[in-house]
Amino acid sequence: MSDYLVRALAFEGSVRAFAARTTDTVGEGQRRHGTWPTASAALGRSMTAALMMGAMLKGEDKITVKIEGNGLVGPMIIDSNAKGEVRGYVTNPQIHFDLNEHGKLDVRRAVGTEGTLTIVKDLGMRDFFTGQVPIVSGEIAEDFTYYFAVSEQVPSSVGLGVLVNPDNTILAAGGFIIQLMPGTDDETITEIEKHLSKMEPVSKLIERGLTPEEILFEILGKENVRILDSAPVSFECNCSKERFGNAIITLGEKEIREMIEEDNGAEAHCHFCMEKYQYSVAELESFIDEINA
Ligand SMILES: [Zn+2]
């Protein structure tokens, strides 16, 4: 089963819901960045949240999630969009701690409990929305819950989970976001809370093979859910040799001459996907020609 995300409504539209299986997507991030388990969980949870927030957008809209805590993983940056694409990196990928008192990866310790969660939505036509909240937990899901409550005034329940194999590859990853629309009645809220309190962690559900639809059925009750659509999600980076070439051109002739004389070429490397691009002296000279054209 490959990764996908579902959008749904429940309780006659008074609840909106998202759920995703992201095992392969987080696995690709782990492989590209060589993250160790605790860092994999921090990045994987954040990527899963970013994908579901991307599903709240339309068309060409994009979202950037920045988590800047005082823990050892350092800042994490994740980009996603309405097409189910995500890319991201953590500043220090080789971070791992012993499991916490609940027997889970100690994401809080890796991320830190002080700092900020920043969301930037690029809604096209130079229309940006920025929201920022302090980190309240460091476990990521609670931080997104707090963000939705404070910055978007939407009461939400967020679940995010990543399980790691002994060889550091990703065993299971996924998550959900449940949001209460204005006027959700108390009975509905009580019922959802009851289900959530009895439920296994979302990473366990994914490991057991539950689909995103089935995860929402667990939380909301099958009879209450109306699935709207489902779409594939994956790790994708839009970097290219040409894009980095354009960035080199903006450095100007003097800088490029130095690259030619001192380094006999240039190498660009993408933080998001770790791809490397080489530029020969001839290519760098053609950039100078372009500047002077
Ligand atoms: Zn890239």
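Just so it is clear, the values below take in all heavy atoms, side chains as well, and ignore hydrogens, waters and symmetry mates. Just so you know, ligand 1 is whichever comes first in the structure, and atom 1 is the first atom listed for that ligand.
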Which atom of Y4 lies closest to which atom of S230, heavy atoms considered: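 Result for this residue pair: CD1-CB, 3.9 Å.
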Closest non-hydrogen atom pair, I95 against N92: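 For I95 versus N92, the nearest heavy atoms are CG1-O, 3.2 Å.
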Exam field: side chain E152 to backbone A149, donor-acceptor pair closer than 3.5 Å: no
Pair listing, ring pair (Phe, Tyr, Trp, His ring centres under 6.0 Å) test, anchored in residues 20-73, at least two apart: none
Can I get a per-line list of side-chain donor-acceptor pairs under 3.5 Å for residues 122-139, giving both atom names and the distance, sequence neighbours left out?
{"residue": "D122", "atom": "OD1", "partner": "G124", "partner atom": "N", "Å": "3.0"}
{"residue": "Q132", "atom": "NE2", "partner": "T118", "partner atom": "OG1", "Å": "2.8"}
{"residue": "S137", "atom": "OG", "partner": "E139", "partner atom": "N", "Å": "2.9"}
{"residue": "E139", "atom": "OE1", "partner": "R45", "partner atom": "NH1", "Å": "2.8"}

Under-2.8 Å protein N/O/S neighbours of the Zn ion (ligand 1), ordered by chain then residue number: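 The answer, once waters are left aside, is C237 SG, C239 SG, C270 SG, C273 SG.
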Pairs touching residues 166-185 that satisfy salt bridge (Lys or Arg N to Asp or Glu O under 4.0 Å), sequence neighbours left out: none
